[in-house]
Amino acid sequence: MNSFIIGMESQNVQKIVIGALSLAAFAILWELLAIIVNNSFYLPRFSSVLSAFFSVIQSSFFFNDVAISLYHFIIGFAFALIIGIPIGMLMGWFPVLDKALNPIVEIFRPIPPLAWIPFAIIWLKLTHQAAGFIIFMGMVFPIIINTYSGFKNIPKIYVEAAKVLGSVSSIKLIKNVAIPAASPMILSGIKTAMGVGWMCLAASEMFGVSDSGIGYKIWFYYGIQAMDYVVVYMLILGFIGLLLDFLFRYFIQNRVLKWQKGTVV
Amino acid sequence: MGDLIIENLSKEFKKGSNEFLALKDINLSVKNGEFVTILGPSGCGKTTLLRIIAGLETYSSGTATLDGELITGPGPKRGMVFQEYSLFPWKTVLGNVMFGPLMQNFSKDEAEAKAMTYLNLVGLSEFKNSYPYELSGGMKQRVAIARALANEPEIILMDEPFGALDAQTRNNLQNELLRIWQEEKRTIIFVTHSVDEAVFLSDRIVILSKRPGTIKKIIEVSIPRPRDRTRPEENAIRNEVLRLLDTNENCEID
Ligand SMILES: Nc1ncnc2c1ncn2[C@@H]1O[C@H](COP(=O)(O)OP(=O)(O)OP(=O)(O)O)[C@@H](O)[C@H]1O
Ligand SMILES: [Mg+2]
């Protein structure tokens with residue numbers, strides 16, 4: 001038992017050490033390569049990215065950029081939930097609605113979200129809502145599809161057990177059985193959607209909807225050829241995406257799904 | 001209250017264009033407070049009959065009435081313990097047992113009080129906060145029984161509830177079920193594969209024949225309880241049941 005724990009610990013230590021060494025080697029290689037290339041537009045040096053990073057996080061506009069990007073993200077996310085979950089539920093529960101809505105969903109689903117940029121501009125002008133709309137388009141389909149298939153695959157036995165206990169109407173069955181039974185699928189759809197939505201974020205801020213935001217800043221610094229700042233904002237974009245994923249998993253998924261034995265979500 | 005009458009009931013399943021007769025001319029009446037078991041080879045329609053009584057399955061002809069009311073769909077007067085595990089995995093033991101009373105519009109406190117009464121009855125009150133995955137098979141079926149009882153149905157339909165359990169657990173649960181039945185005085189219709197179980201538990205044993213399922217014979221078991229599993233009285237009935245099942249060609253009793 002003791003040696004088992006020590007074994008686990010030394011494995012963790014090993015993992016951290018190897019990971020750190022690998023990152024350090026990557027940074028050194030990057031620096032060397034940038035010195036050889038000797039063109040900060042093609043490849044900014046690691047060291048200048050590092051100093052750009054510190055000046056960005058100390059700047060007054062950094063917080064604003066993150067806030068604006070999260071604002072765009074939340075607009076898209078909120079609408080995707082409000083629209084996607086009910087549509088998925090209705091399609092999954094009522095076969096008629098499945099038949100009616102399925103062709104429509106299948107026509108719009110494969111369209112890349114960024115292809116909506118022209119209409120976003122026409123319908124919503126250059127507003128935060130236009131950026132939110134692009135993110136919405138990326139998020140809504142994974143939510144619809146997962147909610148739908150979660151509802152389609154509810155074990156019949158739970159529905160029958162609930163009926164026998166007096167929960168007979170569709171509304172009661174959806175509330176008491178279908179939603180909890182489908183919750184693992186719905187939540188994993190939301191998680192996928194968050195990933196897709198975050199990926200749409202950069203592009204959604206590049207067509208002039210605002211003068212701040214992480215995606216906007218990537219475009220802005222590219223315009224003034226400050227590629228070290230571009231890299232900083234790229235990394236920040238990736239990091240916040242990772243953080244959102246982590247927070248969702250630990251505070252939502254794992255809590256809601258604690259009834260699932262040893263499931264890896 | 002709790003009088004079930006089934007008359008000339010038949011059930012056809014449609015498989016593609018073929019029709020398949022699962023139950024034929026079933027006539028059975030069960031009085032309030034009676035413990036009836038249904039015994040028969042696999043595939044003879046035991047589950048189908050129970051599901052019809054529960055209102056989960058339609059029937060093709062004949063009638064099924066409870067207290068003179070035609071059965072047309074599921075309802076809380078008829079509780080069911082399913083052949084497979086059916087607890088809601090997302091609810092705790094307490095949440096599962098409270099579900100029925102909550103659906104009957106009892107307040108949360110009342111529902112919880114009822115649930116605790118029946119969890120005590122099956123001896124699982126200290127597991128009230130566990131999730132189903134934390135329970136053994138026998139415990140799951142006891143919770144399922146408590147969940148059916150908590151709704152205070154007039155009839156409890158039980159479909160091989162102990163089928164998946166080892167002999168020891170099974171014997172214990174049979175004793176427990178008899179105790180509960182005697183305390184609660186509810187009608188029980190109990191499907192089983194086991195002749196011993198049927199003889200040990202029931203007032204009457206309904207023997208179904210192989211496809212299409214028809215009632216072959218109904219045997220009265222008038223041995224007073226508590227019964228034994230090995231005395232000559234029990235054995236005599238056991239042998240009679242086995243003989244009836246034996247005359248069924250290709251019988252698959254286990
Ligand atoms: N939904 C259905 N559609 C078509 N046929 C069905 C359906 N349900 C049951 N059957 C058929 O009806 C017959 C009776 O099935 P049933 O499940 O009632 O048997 P059973 O006596 O409970 O068997 P077991 O002892 O194995 O549980 C079987 O031949 C089965 O294939
Ligand atoms: Mg069966």
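Letters A, B, ... are given to chains in the order of the sequence lines, protein chains preceding strands, and every chain is numbered from 1.
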With 3.5 angstrom as the limit, list the donor-acceptor pairs from chain A to chain B, or say none if there aren't any.
unit_1, atom_1, unit_2, atom_2, d
A:Glu160, OE1, B:Arg51, NH1, 2.6
A:Glu160, OE2, B:Arg51, NH1, 3.2
A:Glu160, OE2, B:Arg51, NH2, 2.7
A:Leu165, O, B:Gln104, NE2, 3.4
A:Leu165, O, B:Asn151, ND2, 3.1

Are there over 12 heavy-atom neighbours, none belonging to [X], within less than 6.0 Å of that residue's [atom1]?
X: B:Met116; atom1: CE; value: yes
X: A:Phe94; atom1: CZ; value: yes
X: A:Phe108; atom1: CZ; value: no
X: A:Ile171; atom1: CD1; value: no

Self-check item: Any residue meeting side chain to side chain contact (heavy atoms under 4.5 Å, CB included) with A:Ile117, in chain and number order, not counting sequence neighbours
Solution: A:Leu114, A:Ile121, A:Ile134, A:Phe207
Self-check item: Pairs of heavy atoms under 4.5 Å with chain A: top-ranked of B:Pro74, B:Pro89, B:Gly79, B:Ala54
Solution: B:Pro89
Practice problem: Name the member of B:Leu56, B:Leu87, B:Val81 that forms the most heavy-atom pairs with chain A at distances under 4.5 Å. | Solution: B:Leu56
Quiz item: Of the backbone (N, CA, C, O) and the side chain (C-beta and beyond), which part of A:Val177 lies under 4.5 Å from a heavy atom of chain B, both, or neither?
Solution: both
Self-check item: Under 4.5 Å from a heavy atom of chain B, the part of A:Val164 involved
Solution: both
Quiz prompt | Set of residues satisfying ring-ring contact (aromatic ring centres under 6.0 Å, His included) with respect to A:Tyr250, sequence neighbours excluded | solution = A:Phe246
Exercise. Could you tell me which residues satisfy ring-ring contact (aromatic ring centres under 6.0 Å, His included) with A:Phe63, sequence neighbours excluded, listed by chain and number?
Key: none
Exercise. Pick one of side chain, backbone, both or neither for B:Leu157, based on which atoms fall under 4.5 Å of a heavy atom in chain A.
Key: neither
Quiz item: So which heavy atom on A:Gly166 is nearest to which on B:Pro76, and how close?
Solution: CA-CD, 4.3 Å
